[in-house]
Amino acid sequence: MSAAPRFRSEFLRTFVERGAYYDCTLPEELDALFQKERVTAYIGFDCTASSLHIGNLVQLMTLRRLQQAGHRPILLMGGGTTKLGDPSGKDEVRKLLSSEQIEANKQSILKGIRHLLKFGDGPSDAIMVDNAEWLDKLEYISFLRDVGRHFSVNRMLTMESVKLRLDREQPLSFLEFNYMVCQAYDYVELYRRYGCRLQSSGSDQWGNIVSGIDLGHRLENVQLYALSTPLITTASGAKMGKSASGAVWLNADMRSPYDYWQFWRNTEDGDVGRFMRIFTDLPLDEIARLEKLKGAELNEAKKILATEAATIVHGRAAAQAAAETARRTFEEGGISGGLPTIEIAKSEFPIGVLTLAVKSGVTSSNGEARKLIANNGLRVNDTPVTDAKATIGLAALTAEGVLKVSSGKKTHVLVKPV
RNA sequence: GGGGGAAUGUCCCGAGUGGCAAAGGGGGCGGACUGUAAAUCCGCUGGCUUAGCCUUCGUAGGUUCGAGUCCUACUUCCCCCA
């Protein structure tokens with residue numbers, strides 16, 4: 001990484017100030033380009049899941065900031081590359097996704113980020129493109145002749161991603177070589193179709209972007225650019241987003257706005273300012289003020305972080321509702337209808353606590369529920385459960401007509417007999 | 001094509017003289033302490049109708065009272081030779 005250059009263009013300056021800058025190619029030229037014209041830039045995502053997660057969020061924020069600065073972001077969906085199956089995961093043979101599934105994932109992903117970017121036909125509206133549009137139609141031999149001949153295997157072998165794999169004696173298939181080539185080709189194709197001059201990504205994708213830039217020189221005699229973001233880790237060194245139950249999804253149906261808000265609320269102290277800069281639109285001077293708060297006061301900043309970050313993904317109303325639910329639950333110790341709610345038939349009552357724990361979703365098996373009880377971690381209506389054989393009758397319902405089932409201090413679910 | 005190795009608790013890494021629900025980490029979850037933080041300490045971390053039973057060590061067979069461990073075939077990966 002080079003030290004952040006002093007940029008003059010609004011976009012790049014903001015990008016650096018907000019801590020999203022890691023590296024770029026030809027900084028002066030790129031800066032000049034941003035000052036001169038509306039730039040079209042893209043970031044690619046694959047379609048292996050029906051939602052993006054916060055690991056993708058830095059990239060999405062890059063697109064958002066581009067748009068805010070009046071440029072045109074392209075969201076490239078890897079509908080074509082996903083069909084090959086992503087070979088980068090190590091052991092496990094991936095099941096190939098069907099075209100229908102990929103299409104469904106694509107639509108779902110798009111739905112999940114609709115608050116983040118404005119799509120449309122306007123000059124700085126975002127556009128969504130699927131690389132299946134061109135990759136599906138490629139003919140092997142002519143592709144090799146036109147594109148493949150520009151790739152040096154010698155050079156590909158020296159690329160970080162490849163070298164790492166070989167050194168660690170991890171499998172590396174021919175497919176992956178083609179993956180790199182396809183990705184490089186995407187860039188050139190986006191230049192041809194949309195005049196796209198910039199590709200952004202996490203720093204781990206640097207090599208692939210540079211390959212695309214090379215290909216741009218050779219096929220179209222054009223100068224393309226790369227811009228990368230740092231790998232975001234928490235202050236204590238963990239990768240972002242690998243929390244509790246796996247990935248922190250952006251789609252509301254895979255992780256509720258309330259839980260999403262909670263994720264940010266639980267940010268480590270040392271990350272508050274940095275995360276605010278990257279993951280919210282809060283003005284920098286306000287962030288500077290908030291991150292200076294000490295000790296427990298910093299919790300106020302975390303609430304703002306949570307609400308602002310949730311607003312970007314779920315919209316203002318949902319974010320505020322999540323904040324209110326958290327306030328009622330944690331600060332008043334009460335019951336808020338905003339908590340995740342599960343319905344159970346009245347006929348199942350009286351219900352055993354183990355069954356209740358599993359059905360409410362706070363544990364995934366009876367055994368886990370037993371262990372939770374043994375560790376004094378399961379509570380019903382804020383009363384610790386001490387006996388795994390206990391049953392809960394309808395008489396235990398709160399005034400609101402629900403049961404509050406909790407695992408530990410943070411996970412609360414409402415059970416509603418119907 | 002020939003030779004040599006590897007695959008372990010479905011989160012990851014990793015030990016495992018034929019008696020193994022299988023060492024140890026990491027991660028995760030709970031508890032204590034706090035501020036819904038970090039650090040630290042403690043407990044848990046295959047399932048069940050839990051003094052017991054059932055299912056797990058790449059896949060399928062076999063030897064054995066008994067197989068993660070031995071044999072055979074197969075699959076995938078790595079290394080060396082061609």
Side-chain angles (χ1 to χ4, degrees), chain A residues 53 55 85 87-95 162 164-176 233-248 258-276 290-307 309-310 322-334 336 338-339 352-355 357-358 361-380 382 384-389 391 405-413:
Chain A
H53 51 86
S88 64
K90 280 177 298 171
D91 309 331
E92 188 168 342
V93 180
R94 310 237 167 187
K95 51 179 190 273
V162 175
L164 223 102
R165 210 63 96 61
L166 294 177
D167 290 348
R168 294 182 54 205
E169 300 191 358
Q170 294 296 336
L172 175 69
S173 73
F174 179 61
L175 185 65
E176 274 167 297
T233 53
T234 66
S236 47
K239 246 186 219 164
M240 266 290 272
K242 291 278 155 108
S243 92
S245 35
V248 178
Y258 167 76
D259 280 327
Y260 189 77
W261 191 95
Q262 281 295 324
F263 170 80
W264 291 104
R265 174 62 183 81
N266 286 302
T267 297
E268 293 177 30
D269 285 8
D271 290 329
V272 172
R274 191 162 54 105
F275 286 1
M276 278 182 166
L290 289 169
E291 71 179 334
K292 282 201 197 84
L293 294 173
K294 289 280 179 281
E297 287 179 9
L298 196 55
N299 283 334
E300 293 310 311
K302 290 184 188 179
K303 288 180 208 166
I304 294 171
L305 167 62
T307 302
E324 175 59 15
T325 297
R327 192 186 66 76
R328 290 238 282 272
T329 304
F330 287 93
E331 293 177 25
E332 295 179 358
S336 164
L339 288 172
V353 285
L354 298 181
T355 312
V358 173
V362 300
T363 66
S364 54
S365 71
N366 286 359
E368 198 179 302
R370 266 183 236 277
K371 286 159 193 162
L372 191 62
I373 291 168
N375 278 321
N376 208 24
L378 180 69
R379 280 170 298 141
V380 174
D382 298 313
V385 175
T386 51
D387 178 8
K389 293 204 173 79
T391 59
V405 182
S406 313
S407 162
K409 297 203 173 88
K410 291 191 199 166
T411 311
H412 307 284
V413 173

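Letters go in sequence order (proteins before strands), and every chain restarts at 1.
As a whole-Å value, the separation of A:Asn375 CG from B:A32 P is 10 Å. Taking atom CG of A:Leu290 as the reference point, atom P of B:A37 lies 20 Å away to the nearest angstrom. Atoms CG (A:Leu354) and P (B:U49) sit 8 Å apart, rounded to a whole Å. The distance between atom CG of A:Leu372 and atom P of B:G31, rounded to the nearest whole Å, is 8 Å. For the pair A:Asp271 CG and B:G35 C1', the interatomic distance rounds to 16 Å; values are reported in whole Å. Rounded to an integer number of Å, the gap from A:Lys303 NZ to B:G35 P is 13 Å. Rounded to an integer number of Å, the gap from CZ of A:Phe263 to C1' of B:A37 is 13 Å. Atom-to-atom, CZ of A:Arg265 to P of B:G35 comes out at 12 Å; the value is rounded to the nearest Å.
Using a 4.0 Å heavy-atom cutoff across all strands shown, A:Trp264 reaches no nucleic acid atom at all. The residue A:Glu368 sits apart from the nucleic acid: no heavy atom pair falls under 4.0 Å. Among the heavy atoms of the strands lying under 4.0 Å from A:Ala326 is at least one base atom, whether or not backbone atoms are also near. Base engagement by A:Gly295 is indicated by at least one non-hydrogen atom pair under 4.0 Å involving a base atom. Using a 4.0 Å heavy-atom distance criterion, A:Ser407 is classed as a sugar-phosphate-only contact.
A salt bridge between A:Lys303 and A:Glu300 is present, with a side-chain N of the basic residue lying under 4.0 Å from a carboxylate O of the acidic one.
If you check B:C44, B:A37, B:A32 against the side chain of A:Asn266, the one that comes closest is B:A37. Among the nucleotides B:U36, B:G35, B:G31, the one closest to the side chain of A:Lys409 is B:G31. Comparing atom distances between the A:Lys371 side chain and each of B:G30, B:U45, B:G35 picks out B:U45 as nearest. In the set B:G35, B:A38, B:G30, B:G35 carries the atom at the smallest distance from any side-chain atom of A:Asn299.
B:C20 sits 30 Å from B:A73 when the P atoms are compared, rounded to a whole Å. Remark: the separation of the C1' atoms in B:C53 and B:C11 is 28 Å, to the nearest Å. If you take atom P in B:G62 and the same atom in B:G46, they sit 30 Å apart, rounded to whole Å. Going from the P atom of B:A38 to that of B:C54 covers 42 Å, rounded to whole Å. Across the C1' atoms, B:C80 and B:G28 are found 41 Å apart, a figure rounded to whole Å. Comparing the P positions of B:A22 and B:U56 gives an interatomic distance of 16 Å, to the nearest angstrom. Distance noted for atom P between B:U8 and B:C70: 16 Å (whole Å). Taking the P atoms as reference points, B:U10 lies 13 Å from B:G58, given to the whole Å.
The closest side-chain heavy-atom distance from A:Lys302 to A:Asn266 is not below 4.5 Å. Between A:Leu339 and A:Arg328, every side-chain heavy-atom pair lies at or beyond the 4.5 Å cut-off. Counting heavy atoms from C-beta outward, A:Asn299 and A:Arg265 have side chains that approach closer than 4.5 Å.
The glycosidic torsion of B:C20 lies within 90° of 0, which places this base in the syn conformation.
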Return a table of donor-acceptor pairs under 3.5 angstrom between the side chains of residues 371-378 of chain A and protein atoms on other chains or two or more places apart.
unit_1: A:Asn375; atom_1: ND2; unit_2: A:Lys371; atom_2: O; d: 3.4

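In this structure B:C48 sits in a base pair with B:G52, meeting the Watson-Crick or G-U test at under 3.5 Å. A 3.5 Å limit on both hydrogen-bonding distances identifies B:A7 as the Watson-Crick or G-U partner of B:U75. Across the strands present, B:A38 finds no partner; the criterion is a Watson-Crick or G-U wobble pair with both atom distances under 3.5 angstrom.
Phosphate proximity of B:A37 to A:Thr267: absent, as no side-chain N or O sits under 4.0 Å from OP1 or OP2. Contact annotation: A:Arg370 side-chain N/O to B:G43 OP1/OP2 distance is not under 4.0 Å. An OP1 or OP2 oxygen of B:C48 is reached within less than 4.0 angstrom by a side-chain nitrogen or oxygen of A:Ser365. Residue A:Asn366 places at least one side-chain N or O under 4.0 Å from the OP1 or OP2 atom of B:U49.
Between A:His412 and A:Phe330, the ring centre distance stays below 6.0 Å.
When the nearest nucleotides of RNA chain B are assigned to A:Leu298 and A:Asn376 by heavy-atom distance, the more 5′-ward of the two goes with A:Asn376.
When the options A:Thr267, A:Asp269, A:Leu305 are evaluated for a side-chain contact (heavy atoms from CB on, under 4.5 Å) with A:Leu298, the one that passes is A:Asp269.
A:Arg379 contributes no side-chain N or O that, together with a main-chain N or O of A:Val385, makes up a donor-acceptor pair within less than 3.5 Å.
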